[in-house]
Amino acid sequence: MNAIEESVAPMATFDVERIRRDFPVLQERVRGKELIYLDNAATTQKPLTVAYALQHYYTSENANIHRGVHLLSQQATFSYERARGRVGQFLNAAEPGEIVFLRGATEAVNLVAHGYGRQHVGPGDEVIVSQMEHHSNIVPWQVLCEEKGATLRVAPINDAGELLLEEYEGLLSERTKIVAVTHASNALGTVNPVQEMTAMAHKFGAVMLVDGAQGVPHMSVDVREIGCDFYVFSGHKLFAPTGIGVLYGKKDLLNAMPPWETGGGMIQRVSFEQGTTYADVPMRFEAGTPHIAGAIGLAAAIDYVNAIGPAVIAEYEDELLRYVTEQLEDVEGITLIGTAKEKVGVVSFVMDDAHPHDIGTILDAEGIAVRAGHHCAQPLMQFYNVPATVRASLAFYNTRAEMDALVTGIRKVREVFK
Ligand code: PLP
């Protein structure tokens, strides 16, 4: 087996050191220290297989897709459509045609707000989001509601950062047209009971969009089991390139949606006399030349994740999360933000007398990359009455030793600000 074959062959046992060898950036030194990369919720590192897939495409297969009769174009089209099939299998969609390639989660939410929302939401209607949403899953709905004279309702959370299911159910009514909720919170790690929430929304005839940006990197996702109508995610948070993302939509809903961007690639026929007719989905929503290499890279990333196994990843990360959380609970002056029972690998905290940005800067000097800020979740920061938090977010290539280094780094910061 060559290196690529080895890294996508099913892994008999989880071997973090072997995995780390597939991510050359993890061997980098920053500020004279070994890099400890704990900003995975912002973007993940890429395995060699993804880099090789891009290299192969650009050096051996590069051509525009769907329109060429020549061999390279056919090969590129095959790889792009194969990637769509991979994503479909990964989410357990009913068919590849339910997968639309877009730039990322943000663009996917905007497409649904535009294509579905503007057709189905009117004056007096309601859209529900949760208190813990990323701005990408708030602002498109806010804009839609403002434009249509509809109301945006917010499902509340408790102090642990768990969504209050009964209160959410109480918000649902015949007026509710769309529920848009995150699978897992980027700022807290909370995993929401999206399957139950979808069933509740459906009782009132509302459609459910799940923001899976922080779902797919950490757990196995089955859109048909969840029952959701739309599921969105970004490739770059799933070990794939930036600029590629996915909208999953049930075929009948996608079919009923008008195009958003128009141009080449999304038409059936264009005539000055008779106007334009549009291609079937998913191409109707992929105007212009898409990110062909990105889609191919995403398929390579999915193959990589599948080789380890989403369930194995979830178990490993959960163990790391528990390990680091227990240690942080013992550090004086620290308040953990987000202590839900069901969490993915995100630890957010604030420290007495120290601003999150100062903490982030001191940790950076130790080679530890964390994020300090509002994490594009300002309404959530307002709920906790903090301007920002420090967030360490995990991936399957992180180790116990890195968790120890993080805790040691945080103890050092504490000494400075005591
Ligand atoms: N939703 C969640 C939960 C996120 O964490 C993010 C990014 O951090 C997004 C949506 C937006 O993703 P992107 O910027 O890749 O479109």
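Whatever order the structure lists them in is the order used to number ligands and atoms, beginning at 1.
Among the candidates F14, Y397, Y323, the single residue satisfying the ring-ring contact (aromatic ring centres under 6.0 Å, His included) test with Y316 is F14.
Of the candidates S234, A108, S185, the one placing a heavy atom closest to atom 13 (P) of ligand 1 is S234. Residue D211 holds the heavy atom nearest to atom 3 (C) of ligand 1 of all those in D211, I244, N110.
Assignment of K237 to the shell around ligand 1 is supported, since a heavy atom sits closer than 4.0 Å. At a 4.0 Å cut-off, at least one heavy atom of H236 sits close enough to ligand 1 to count as contact.
The protein atom (non-hydrogen) at minimum distance from atom 14 (O) of ligand 1 is T106 OG1, 3.6 Å. The closest protein non-hydrogen atom to atom 4 (C) of ligand 1 is H134 CD2, 3.3 Å.
Here H374 and H135 bring their ring centres to under 6.0 angstrom of each other.
Counting atoms of ligand 1 from 1 in the listed order, those under 4.0 Å from a heavy atom of T182 are 3 (C). Taking every non-hydrogen atom of Q214 and a distance limit under 4.0 Å, the qualifying atoms of ligand 1 come out as 3 (C), 4 (C), 5 (O). Less than 4.0 angstrom separates some heavy atom of S136 from each of these atoms of ligand 1: 10 (C), 11 (C).
Looking at H375 against ligand 1, nothing comes within 4.0 Å, counting heavy atoms.
When the side chain to side chain donor-acceptor pair (under 3.5 Å) test is applied to D318, the partners found at least two apart in sequence or on another chain are R322. Judged as a salt bridge (Lys or Arg N to Asp or Glu O under 4.0 Å), and not counting sequence neighbours, E196 has no contacts.
Using a 4.0 Å cut-off between charged nitrogen and carboxylate oxygen, R224 and E98 do not count as a salt-bridge pair.
No more than 12 heavy atoms of other residues, nucleotides or ligands shown are found within 6.0 angstrom of CG on D159. For Q119, the CD atom is densely surrounded, since the number of other residues' heavy atoms within 6.0 Å is greater than 12.
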